[in-house]
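Working notes, structure below.
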Amino acid sequence: MRSTVVAFFLFASLVGFSQATGSVVGLLIDKEMNDDPLAFANVLIKGTTKGTTSDFDGLYEIGGLEPGSYKVVYSFLGYETVELDVVIEAGKATEINVPMSATEGVSLDEVVLTTSAAKDSEVALLLDQKKALVIQEAISAEALKLKGIDDAAAAVSQISGISKQQGSNDVYVRGLGDRYQNTTMNGLSLPSNDVNKKNIDLNLFNAGILDNVAVSKAYSTSFYSDFAAGNVNIDSKEYSGDGYVKISLGSGLNSNAAGLDFVRSEGPSAYGFYNRYDNDPFAVVLAHGVDPQNAWDPVNLNGSLEAGNSWNIGEESRLSYFISGGFSSGYTFLQGPAADFTNVLKVDFPTVNEYAYNTNTTALGNLTYRINPDHKISYTSMFINSATDAVGYYGVNGEGTNRDAIITTDEGFYVMNVQFNQDMIFVNQLNGTHSFEEKWFFDWGVGFNKVFSDEPDRKRITLENYQLSLDNDPDTNPVFYTNIPFDNQRFFQSIEDDELNSFMTLGYKASEALSLGFGYNGRRKERRFNSIRYGYRIVDRDNTPIADVNNFNDIFNVENINIPDGSGLWDLVVLNPISNEIGNINRPGLPENTYKGNLDIHAGFVNAQWTPSEKWLFVPGIRLESFSQGVEYDVINIRPDDPGFREVYENIFVPSLNIRYALTEEANLRFGFSKTASFPEFKEAAPFVYEDVTQRVGGNPDLLGGLDGSGATYSDVYNYDVKYEWFMNRGEIISVAAFAKTILNPVNRVVAADATGTQRYFRTGDQADILGAELEVRKNLLFDSDDFPVLSLGLNAAYTYTNQDLKDVPAGDRNTFGTSFDRDSDQLEGASPFIINTDLNYSPDFGNWQPKATVVFSYFSERIFSLGAGSLGNIVERAVPTLDFVLRNEIGEHFEINFSAKNLLNPDVSLVRENTGIGDVIIRQYNLGVNLGLTFAYKF
């Protein structure tokens, strides 16, 4: 079944979506006034009524132009009229910068004309931001290319108030983590690819399939009410124009991994696919060993192929397509300490060596049919396969300790963890836009998302006396740690998500000053989860010495299973037998943990755009949303009286108001207010516990009203925003923003009050307050003779203050799990007080050689990873600075050679438990190494 679904969606991923109209934008220059900007000049499309006037900075824009040839007329009282021919392409902004004179005509070599995609142009995005109805910021494909940004996660981290967690894929908007934000593509919901996340991993979207990435930090009623930090929207790549094909090949090295003998899991392919899903886990355990296999030399590879074309059909219709496919692989070697410190120090590994191999396969297709200027239908399809293969050796120096060790607690504790994770994501979207008599507008979209997220056949082997394997004495050897059968285990986990989402928006232009919008959007999502473990119960551990710690397959092969005569070395144990008659020893079993989560959202909304004068814009909105959420589960380690399910149904009233006041032609003042919500995620509510080597994280169904249904089922969020933005010149901006948020019944991750030390999610207090300020600057510093920027600076910074009250959560009649605190308040989980992103770009023009050199620096200050319970301190993520250098070389129209050096500072990535009574304890620490890359590209 899975192979059929994969084949279908791979085929569907070859077609997609584009844009039907283009625009003309540019700058008018006054030659009579030392080349100052010429304001209030007339710009008209000859033979039509379409036109505009240049603003205070000489900037102008005429949008909504159908593809074709036009004559543009520029005029100003007392100046020579200029007429220029221009060809408009669908989905592109044609930029014409025109000098105007009172005494003589314009020579053609003085006119600067360029064409770029409307959504991937930095200038076009700034114009959109200037006119936007709500507070939003975006980074274009042009800027992605300039700064050497490889994916959407790195892209959004260039926007003020946003940071990316180094060493993981988490993105924080205004200091708030994954649970407080949403991700969409082309305006439709995207699924999560990870059981531990609400949002899709933005690292999966490579820059080659992006037009731009935008973050809306102020709420609008067209968004779902589950909105606190912001909405990240990805506009997928669109193309219209002449046919082309582009091929790119690249390679690179990681400074930590280079020269090492790498290993990876046995079973997955080198391309990130696992081919044993059709086999029962019991058969996989019996047929395949536990040892990792040798990997290729640790050389990073990447390659991509993209193509696009468009055709006119008759006089009004146009068909266009864009397809892209790519593959990348990368090696990293992580070395450093790790520890299990929840309530006490349980396990400590002074040295961990982890070999990680990552792959990413992406296919995107867009197909658009513009029936006529008023009607368009488009289809977008995307496939992503992301895989991580990690082999970790914990306690390699023989100094690992375990409080519960059998032989000695002081040395020799060791764990080998061999783990492969694969996420396959299929996204399909069908959209339509229609206009009627220039008064009525109807947009609609429907999307279906499918996710397979699997962790197949994780192998975990645990030893004592590992130091004896290092003494070169064949008579002294380690032995297996056998506190429970699952100390040596094989683990299988599977997640399957289905999501159907849609929207309809009807707009009516009542007058030049008033427009109304009416809409509906909804989601239906289901997640199915199961996991199973098979434990190796060693029959006689004292007489099963381990002569070679690199060859466990000599022990864990089917010939040594303890059947049929009972003389084998080990038994396979499963917790959930198929039946009591056949038992749970050396027999296949059923999943030990399952849950099914359902989410249904249906909402209607009304909003208006009212411009009582040229300076004021008011956008009030009302949304009524009903949501039902439920989780049904059968898991181990739950209270025997737990009902095994939770269900909630709520109707939510969501008001919003956004105001824009034009202080001048080039400056805006914006205000925003909204009341939104935050819903629990399936992984937060389902009480399944995921056991890493040194941490355990589980959900808590009490988030959905508690055991008796009297508790909170979601969090109310109050949002306040104010922003000043000054668009100084073309491509330049200075903006300052302040924001405040209040979250009622906030959710945090805290260690539960039980013997296992599991981190779970709790409503830890009544209220959390957030105050923040943001600054953004984009400034051109040097220009060439044609007035194009050669040296430019980008800077954004944010300060965020958070405070939440804390209260004990006692386990009992109302709560399944409990936790407690020795303090009344703390900062909010995931919030960095300081965030800084800056870049410096140098782009000279040497004719056929057009190099672009960019230095990018990012920094986020220390933030809470998990709240400490009782007298324990928090687990905090230490501050991380990042420095990247990118050099792009465009040689002629067809050839490119690009070089990158990423993570030049190579800082430590650290999680630390504070205030433990024995000092701060490092939970995990490593550095990622410096990544060097070289890529060649050719465009036909």
Side-chain angles (χ1 to χ4, degrees), residues 1-6 8-10 13 152-153 168-171 178-179 183 185 189-205 265 267-269 271-279 281 284 356-363 382-390 418-428 447-458 490-501 523 525-533 591-599 631 633 635 681-686 688-692 697-699:
M1 174 62 182
R2 175 170 299 197
S3 60
T4 303
V5 173
V6 172
F8 170 77
F9 280 104
L10 277 173
S13 296
S168 84
N169 303 319
D170 294 337
V171 171
D178 175 70
R179 72 179 320 277
T183 308
M185 186 175 79
S189 297
L190 281 174
S192 170
N193 62 292
D194 188 336
V195 66
N196 295 312
K197 292 184 180 180
K198 170 184 176 183
N199 292 275
I200 195 169
D201 181 357
L202 293 177
N203 278 25
L204 302 178
F205 295 86
S265 301
S269 74
Y271 302 100
F273 292 88
Y274 182 79
N275 299 313
R276 298 173 182 166
Y277 289 119
D278 293 335
N279 299 296
V284 173
Y357 174 65
N358 302 282
T359 62
N360 185 16
T361 304
T362 305
M382 181 178 65
F383 165 75
I384 294 176
N385 183 78
S386 176
T388 300
D389 196 337
V418 183
Q419 181 172 326
F420 174 75
N421 292 84
Q422 181 182 7
D423 304 309
M424 286 193 295
I425 306 157
F426 305 91
V427 177
N428 286 274
F448 178 71
N449 306 319
K450 183 80 174 179
V451 176
F452 297 104
S453 184
D454 295 280
E455 186 174 311
D457 198 13
R458 183 187 72 200
R490 308 280 280 271
F491 173 82
F492 300 78
Q493 176 179 292
S494 177
I495 302 168
E496 188 174 346
D497 275 8
D498 294 319
E499 180 179 358
L500 180 66
N501 63 97
R523 300 174 64 190
K525 180 178 180 180
E526 180 173 284
R527 168 172 293 176
R528 297 174 295 280
F529 169 93
N530 70 78
S531 70
I532 187 171
R533 289 180 300 172
E592 66 182 53
N593 295 290
T594 65
Y595 74 80
K596 183 174 76 171
N598 291 95
L599 176 68
V631 59
Y633 48 88
V635 299
E681 288 302 303
F682 294 142
K683 57 100 176 183
E684 295 175 337
F688 161 72
V689 176
Y690 182 85
E691 296 187 5
D692 201 350
V697 180

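Numbers here are sequence positions counted from 1.
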Which residue is it: Tyr633, Phe529, Phe682? I am looking for the one with a ring-ring contact (aromatic ring centres under 6.0 Å, His included) to Phe688.
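By the ring-ring contact (aromatic ring centres under 6.0 Å, His included) criterion, Phe688 pairs with just one of Tyr633, Phe529, Phe682: Phe529.
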Donor-acceptor pair, Ser269 side chain versus Tyr271 backbone, under 3.5 Å?
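Answer holds: yes.
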Backbone N/O of Ser265 and side chain of Asp389: donor-acceptor pair under 3.5 Å
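Yes, the answer is positive, given that a donor and an acceptor are paired below the 3.5 Å cut-off.
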Would you please name every residue forming a side chain to side chain contact (heavy atoms under 4.5 Å, CB included) with Val689, sequence neighbours left out?
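If we apply the side chain to side chain contact (heavy atoms under 4.5 Å, CB included) test to Val689, skipping adjacent residues, the hits are Glu691, Arg696, Thr758, Arg760.
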Partner residues of Asn421 under the side chain to side chain contact (heavy atoms under 4.5 Å, CB included) criterion, sequence neighbours left out:
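Here the qualifying residues are Gln419, Glu455.
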Quick one: [atom1] on [X] to [atom2] on [Y], what's the gap to the nearest 0.5 Å?
X	Y	atom1	atom2	value
Ile425	Met382	CD1	CE	7.0 Å
Asp423	Ser386	CG	OG	5.5 Å
Ile532	Phe492	CD1	CZ	8.0 Å

Partners meeting side-chain hydrogen bond (donor to acceptor under 3.5 Å, both in side chains) with [X] (sequence neighbours left out):
X	answer
Arg490	Asp457, Tyr536
Asn385	Gln422
Ser189	none
Asn358	Thr388

Below 4.5 Å, heavy atoms only, C-beta onward: do [X] and [Y] meet side chain to side chain?
X	Y	result
Leu190	Val427	yes
Ile384	Asn360	yes
Asn530	Tyr595	no

Sequence-distant partners of Tyr274, ring-ring contact (aromatic ring centres under 6.0 Å, His included), two or more places apart:
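With sequence neighbours excluded, Tyr274 shows a ring-ring contact (aromatic ring centres under 6.0 Å, His included) to Tyr277, given in chain and number order.
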Can you name the residues that form a ring-ring contact (aromatic ring centres under 6.0 Å, His included) with Phe420, not counting sequence neighbours?
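In terms of ring-ring contact (aromatic ring centres under 6.0 Å, His included), with neighbours along the sequence ignored, Phe420 is linked to no residue.
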With sequence neighbours excluded, residues passing salt bridge (Lys or Arg N to Asp or Glu O under 4.0 Å) with Arg276:
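Checked Arg276 against salt bridge (Lys or Arg N to Asp or Glu O under 4.0 Å); matches are Glu266.
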Residues two or more places apart in sequence or in another chain: which of them pass salt bridge (Lys or Arg N to Asp or Glu O under 4.0 Å) with Asp498?
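Asp498 satisfies salt bridge (Lys or Arg N to Asp or Glu O under 4.0 Å) with Lys450, Arg528 only.
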Mind listing the closest non-hydrogen atom pair of Ala686 and Val631 along with its distance?
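Residues Ala686 and Val631, closest heavy atoms: CB-CG2, 4.0 Å.
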Quick one: closest heavy-atom pair of Asn449 and Asn501, and the distance?
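Answer, listing the atom of Asn449 first, then Asn501: ND2-ND2, 3.5 Å.
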Reference residue Pro191; test side-chain contact (heavy atoms from CB on, under 4.5 Å); the match among Lys525, Glu499, Arg527
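Going through the options one by one, the only one that passes is Glu499.
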Any luck finding a side-chain donor-acceptor pair between Asp454 and Ser494 under 3.5 Å?
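Yes, because at least one side-chain N or O of Asp454 sits under 3.5 Å from a partner of the opposite role on Ser494.
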Tell me whether the guanidinium CZ or amine NZ of Arg533 lies under 6.0 angstrom from the six-membered ring centre of Phe491 and within 45° of its axis.
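Relative to the ring axis of Phe491, which defines the angle, Arg533 lies outside at least one limit.
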